[in-house]
A.B. asks: 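Shown below is the structure under consideration.
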Number of protein chains: 2
Amino acid sequence: MNLKQLSTMLQLSQTTVSRALNGYPEVNEETRRRVMEAAKRHGYRPNPSARRLATGKAGMIGYVMPTGAAVDIDPHFVEFLSGLGDYARGHELDLVLSPADAQDEETTYRRIVANKQVDALYISAPRAADSRIALAHQLGVQFIVHGRSEGLDFDYPYIDIDNEGAFHDATRLLVQLGHKRIALINGDDTQTFAIFRERGVRRALLESGLALDLRHIRSEVMIEENGYRAARSLLEASDAPTAIVCSSLIMALGVVRAARDLNLSLPGDLSLVSHDDVFPWLKPEHFSVPLTTTRSSIRAAGARVAERLAARISGLEDGARGEVWPVDLVVRGSIAGAR
Amino acid sequence: MNLKQLSTMLQLSQTTVSRALNGYPEVNEETRRRVMEAAKRHGYRPNPSARRLATGKAGMIGYVMPTGAAVDIDPHFVEFLSGLGDYARGHELDLVLSPADAQDEETTYRRIVANKQVDALYISAPRAADSRIALAHQLGVQFIVHGRSEGLDFDYPYIDIDNEGAFHDATRLLVQLGHKRIALINGDDTQTFAIFRERGVRRALLESGLALDLRHIRSEVMIEENGYRAARSLLEASDAPTAIVCSSLIMALGVVRAARDLNLSLPGDLSLVSHDDVFPWLKPEHFSVPLTTTRSSIRAAGARVAERLAARISGLEDGARGEVWPVDLVVRGSIAGAR
DNA sequence: CCCGATTCCCAAAGCGCTTTAGATACAGCC
DNA sequence: GGCTGTATCTAAAGCGCTTTGGGAATCGGG
């Protein structure tokens with residue numbers, strides 16, 4: 001069933017039917033009702049390719065997905081995706097994933113924009129002065145960044161969580177508990193979220209006259225193994241920290257394992273705070289010692305990104321508003337006063 | 001730069017240029033060379049919407065993604081996606097995710113097929129007599145199932161791992177080590193993979209004159225918490241198992257935690273084998289006691305699915321061939337002879 | 001009662017590509 | 001020389017939708 005068939009069936013022109021369906025004002029309400037009703041009854045659905053060709057709009061949002069043998073998509077992505085899906089589902093928005101060589105994402109960005117395959121895209125895991133953001137900005141495509149970059153000479157729309165504040169607060173709490181040697185096991189420090197987190201820790205320590213010892217910082221891809229290694233090397237050193245702040249629950253698994261291997265008990269010998277992105281399949285309250293966390297749902301962020309993207313597409317939103325979400329600090333058994 | 005511009009620039013008709021570019025035989029090789037060269041030099045790229053409208057082909061593969069408040073996309077999906085991406089990247093294949101209400105995926109399937117939004121789709125996590133497979137079959141769209149269903153009265157193309165064989169072999173090894181009470185902590189048993197796994201365990205036990213005690217089976221969504229609960233309830237019972245076979249590394253985390261809480265040591269008091277889908281961020285060799293696993297890369301499966309999907313789209317593959325991959329049994333420190 | 005403004009609708013022209021149905025030219029054959 | 005074949009290219013017709021540029025009623029005001 002296409003427009004033509006529907007319109008001859010209704011004894012109307014394609015123009016009128018199209019307008020009736022798309023809510024244009026120059027059509028009689030009674031006619032519109034008839035058209036709407038007939039469309040529904042016959043299950044008419046406009047062909048998206050045709051519409052796309054005519055309007056230049058795609059009705060999809062895009063994501064350039066870095067891939068490659070050396071690239072692991074991390075599990076945060078799937079949670080974010082769930083969130084996107086939650087919103088998109090109700091709005092018949094589809095999501096196009098364009099896999100790109102991690103070494104050369106630019107080509108793919110240019111391709112999908114030139115092809116008008118998507119109306120808007122989102123950019124995740126930004127780095128300092130992120131070139132993808134600059135590119136999207138320059139290409140004039142609608143986009144939203146999940147996270148923030150730094151050192152770009154223009155504003156852009158983003159949503160981010162208050163990484164600095166979260167890690168500041170967590171660290172301050174540890175300091176208040178009497179800890180002096182506090183270590184940070186961070187994610188890949190080319191990513192801005194990691195930079196902000198380090199900044200938060202540093203600021204909290206500074207406020208108490210302490211300083212973040214460079215030897216007490218580790219930055220690695222957030223996998224269990226790296227959490228273990230980092231913790232191990234920190235805890236075996238002579239000036240071992242009495243508290244660790246950790247950027248991910250998955251790394252925290254490694255930290256707990258390291259502590260156990262070294263016969264250190266939580267929170268007696270070591271206090272641990274981790275950031276929690278709220279994975280349904282791994283919860284901080286179900287660690288052998290329930291973990292104190294800074295918590296922010298990455299899934300909720302996904303839904304919000306989709307919502308704003310949709311708003312931008314339909315022209316309800318513009319400008320470069322940044323949105324920063326506060327982060328909960330949830331205290332559980334993994335922290336205690338320093339001995 | 002569109003076809004028309006390119007063709008007037010070359011003093012050729014659109015037809016000829018189009019044919020030259022698409023490799024049709026009825027064009028002079030010399031002309032083709034000229035056209036190709038000019039296209040490259042001017043960065044001409046056919047508009048996908050127009051092409052789609054004209055051919056009815058989409059150049060994309062689709063996935064209907066169940067979402068909803070109660071639905072968590074599990075982290076296996078992201079690994080699978082990485083694999084799809086690995087292949088798709090080199091072939092300019094994009095992937096469309098269509099979020100659907102988990103209660104009513106059918107509508108979405110019908111929509112994307114009717115709209116010709118995708119050339120082919122893949123179906124994951126099949127259940128017994130899976131209605132999505134039946135629907136895709138009936139709608140005549142190209143598809144591949146990742147996993148297998150049972151009880152469908154037609155053949156369909158799939159790729160699956162030998163779940164039954166893997167769990168059979170793992171169980172047999174435990175039996176050979178002298179274990180008599182072996183428990184299974186399985187995934188959601190409406191999914192066929194779980195059914196096959198249980199079958200494997202059951203068969204191995206039967207072969208040794210043992211039987212799988214119903215009280216020694218647990219089937220739950222594969223999250224850490226459920227692994228813990230299941231293990232706890234199994235191990236606290238009077239006829240506690242001496243060995244556990246577990247369907248996922250994430251659940252195995254919970255099993256290990258439960259054992260520790262109950263002061264049971266691995267492998268002294270309890271042998272543990274888990275299935276490992278090969279997550280980069282959580283590896284069985286990095287458990288406090290390295291885990292014996294049945295191993296199969298879900299990422300490799302993703303790449304293979306993409307490859308076959310592409311082959312089907314271009315007509316290189318048809319029919320209903322099923323592919324079953326063998327699974328490695330990797331022995332590490334978490335198993336020992338029964339006391 | 002006439003006229004301009006409104007209201008409602010239509011025909012037709014695109015959007016950029018593929019493909020059908022020919023055209024043209026040249027060779028080979030009887 | 002006329003005819004069939006083959007190679008090469010073209011004009012034009014879609015694909016299904018949106019949108020431009022009117023046209024025909026209808027209406028209110030002078």
Side-chain angles (χ1 to χ4, degrees), chain A residues 1-36 38-39 42-60 92 111-119 313-315, chain B residues 1-36 38-39 42-60 92 111-119 313-315:
Chain A
M1 169 69 51
N2 57 24
L3 227 211
K4 193 170 185 176
Q5 293 170 32
L6 187 64
S7 59
T8 60
M9 159 173 306
L10 282 164
Q11 312 254 55
L12 284 170
S13 74
Q14 295 191 34
T15 313
T16 304
V17 177
S18 170
R19 283 182 171 150
L21 259 21
N22 292 312
Y24 282 68
E26 56 268 81
V27 46
N28 192 318
E29 274 313 317
E30 162 60 16
T31 318
R32 188 193 304 281
R33 213 195 39 69
R34 261 180 66 217
V35 172
M36 293 289 224
H42 294 87
Y44 167 76
R45 306 193 127 282
N47 175 318
S49 301
R51 168 176 258 165
R52 213 164 297 164
L53 182 57
T55 61
K57 297 259 163 203
M60 307 210 198
E92 288 210 3
R111 186 190 98 215
I112 64 177
V113 171
N115 287 353
K116 299 198 174 153
Q117 272 175 325
V118 300
D119 294 326
I313 291 173
S314 54
Chain B
M1 168 69 48
N2 59 22
L3 226 212
K4 192 168 185 179
Q5 294 170 31
L6 187 64
S7 60
T8 59
M9 159 173 307
L10 283 164
Q11 312 254 54
L12 284 170
S13 74
Q14 295 190 35
T15 313
T16 304
V17 176
S18 171
R19 282 182 171 151
L21 258 21
N22 292 312
Y24 283 68
E26 56 269 80
V27 44
N28 191 318
E29 274 312 318
E30 162 60 16
T31 317
R32 187 193 304 281
R33 212 196 38 67
R34 260 181 66 218
V35 172
M36 293 289 222
H42 294 87
Y44 168 75
R45 305 193 127 283
N47 175 318
S49 300
R51 166 174 259 164
R52 211 165 298 164
L53 181 57
T55 62
K57 298 259 164 204
M60 307 211 203
E92 287 209 1
R111 185 189 99 215
I112 65 177
V113 170
N115 287 352
K116 299 200 173 148
Q117 272 175 324
V118 300
D119 295 326
I313 290 173
S314 55

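In this text, all values refer to a predicted model and were calculated from it rather than measured experimentally. Chain letters run A, B, ... following the sequence lines, proteins first and then strands; every chain starts at 1.
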A.B. asks: Picking from dT18(C), dG16(D), dC9(D), which would you name as closest to the side chain of L12(B)?
C.D. replies: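 The nucleotide sitting nearest to the side chain is dC9(D).
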
A.B. asks: If the test is side-chain contact (heavy atoms from CB on, under 4.5 Å), which one of T16(B), V27(B), L21(B), N28(B) qualifies with V35(B)?
C.D. replies: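 Of the listed options, the one satisfying the test is L21(B).
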
A.B. asks: E29(A) CD to dC9(C) P: how many Å, rounded?
C.D. replies: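 Result: 10 Å.
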
A.B. asks: Mind calculating the distance between NZ (K4(A)) and C1' (dA12(C)) to the nearest angstrom?
C.D. replies: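 Distance check: K4(A) NZ to dA12(C) C1' gives 12 Å.
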
A.B. asks: Taking 4.0 Å as the cut-off, does a side-chain nitrogen or oxygen of N47(B) come that near to OP1 or OP2 on dG16(C)?
C.D. replies: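 Result: no.
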
A.B. asks: Base, sugar-phosphate alone, or nothing: which one does Q11(A) contact when heavy atoms must sit under 4.0 Å apart?
C.D. replies: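 Counting heavy atoms under 4.0 Å across all strands, the contact made by Q11(A) is with sugar-phosphate only.
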
A.B. asks: Side chain of S13(B), heavy atoms from C-beta onward: which of dC9(C), dT19(C), dA11(D) has the nearest atom to it?
C.D. replies: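 Closest of the options to the side chain of S13(B): dA11(D).
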
A.B. asks: Tell whether T15(B) reaches the base of dT19(C) with its side chain through a donor-acceptor pair below 3.5 angstrom.
C.D. replies: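 When only heavy-atom distances are counted, T15(B) does reach the base of dT19(C) through a donor-acceptor pair under 3.5 Å.
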
A.B. asks: Under 4.0 Å from OP1 or OP2 of dT7(C): is there any side-chain N or O of Y24(A) that close?
C.D. replies: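 For Y24(A), the contact criterion (side-chain N or O under 4.0 Å from OP1 or OP2 of dT7(C)) is not met.
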
A.B. asks: T31(A) near the nucleic acid: base, sugar-phosphate alone, or nothing, with a heavy-atom cut-off under 4.0 Å?
C.D. replies: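 Since only primed, P, OP1 and OP2 atoms lie under 4.0 Å of T31(A), the category is sugar-phosphate.
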
A.B. asks: dC27(D) P sits how many Å from N28(A) CG, rounded?
C.D. replies: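 Nearest whole value for this atom pair: 12 Å.
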
A.B. asks: Treating R34(B) as the side-chain partner and L10(B) as the backbone partner, does any N or O pair qualify as donor plus acceptor under 3.5 Å?
C.D. replies: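 Such a contact is found between R34(B) side chain and L10(B) backbone.
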
A.B. asks: Is there a donor-acceptor contact under 3.5 Å from the side chain of S18(B) to the main chain of Q14(B)?
C.D. replies: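 No, because the side chain of S18(B) does not come within donor-acceptor range (under 3.5 Å) of the backbone of Q14(B).
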
A.B. asks: Choose from dG14(C), dC9(C), dT19(D) the nucleotide whose nearest atom is closest to any side-chain atom of S18(A).
C.D. replies: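 Between dG14(C), dC9(C), dT19(D), the one nearest the side chain of S18(A) would be dT19(D).
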
A.B. asks: Look at the side chain of R19(B) against the base of dT10(D) and say whether a donor-acceptor pair falls under 3.5 Å; ignore hydrogens and angles.
C.D. replies: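 Yes, the side chain and the base share a sub-3.5 Å donor-acceptor pair.
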
A.B. asks: Just the rounded figure in Å: distance from C1' of dC9(D) to CD of E30(B).
C.D. replies: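 These atoms are roughly 15 Å apart.
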
A.B. asks: Whole angstrom is fine here: how far is it from CG in L53(B) over to C1' in dC17(C)?
C.D. replies: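 So the two atoms are 8 Å apart, to the nearest Å.
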
A.B. asks: L6(A) CG to dG16(D) P: how many Å, rounded?
C.D. replies: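 It is 14 Å, rounded to the nearest whole Å.
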
A.B. asks: Rounded to whole Å, please give me the gap between CG in L3(B) and P in dC15(C).
C.D. replies: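 It works out to 13 Å between those atoms.
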
A.B. asks: Without swapping roles, check the side chain of N115(B) against the backbone of Q117(B) for a donor-acceptor pair under 3.5 Å.
C.D. replies: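 Not a single qualifying donor-acceptor pair exists.
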
A.B. asks: Can you measure L21(A) atom CG to dT19(D) atom P for me and round it to whole angstrom units?
C.D. replies: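 In whole Å, dT19(D) P and L21(A) CG are 13 Å from each other.
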
A.B. asks: Where each residue is assigned the nucleotide of DNA chain C containing its nearest heavy atom, which of T16(B) and V17(A) is assigned the position nearer the 5′ end?
C.D. replies: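 Checking each residue's closest nucleotide, the 5'-ward one belongs to V17(A).
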
A.B. asks: Show the numbers, then the answer: is there a side-chain contact (heavy atoms from CB on, under 4.5 Å) between M36(A) and R33(A)?
C.D. replies: CA-CA 5 Å; M36(A) 293 289 224; R33(A) 213 195 39 69; 5.8 Å; no

A.B. asks: Among dT18(D), dC15(D), dC8(C), which nucleotide sits nearest the side chain of Q14(A)?
C.D. replies: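 Minimum distance to the Q14(A) side chain belongs to dT18(D).
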
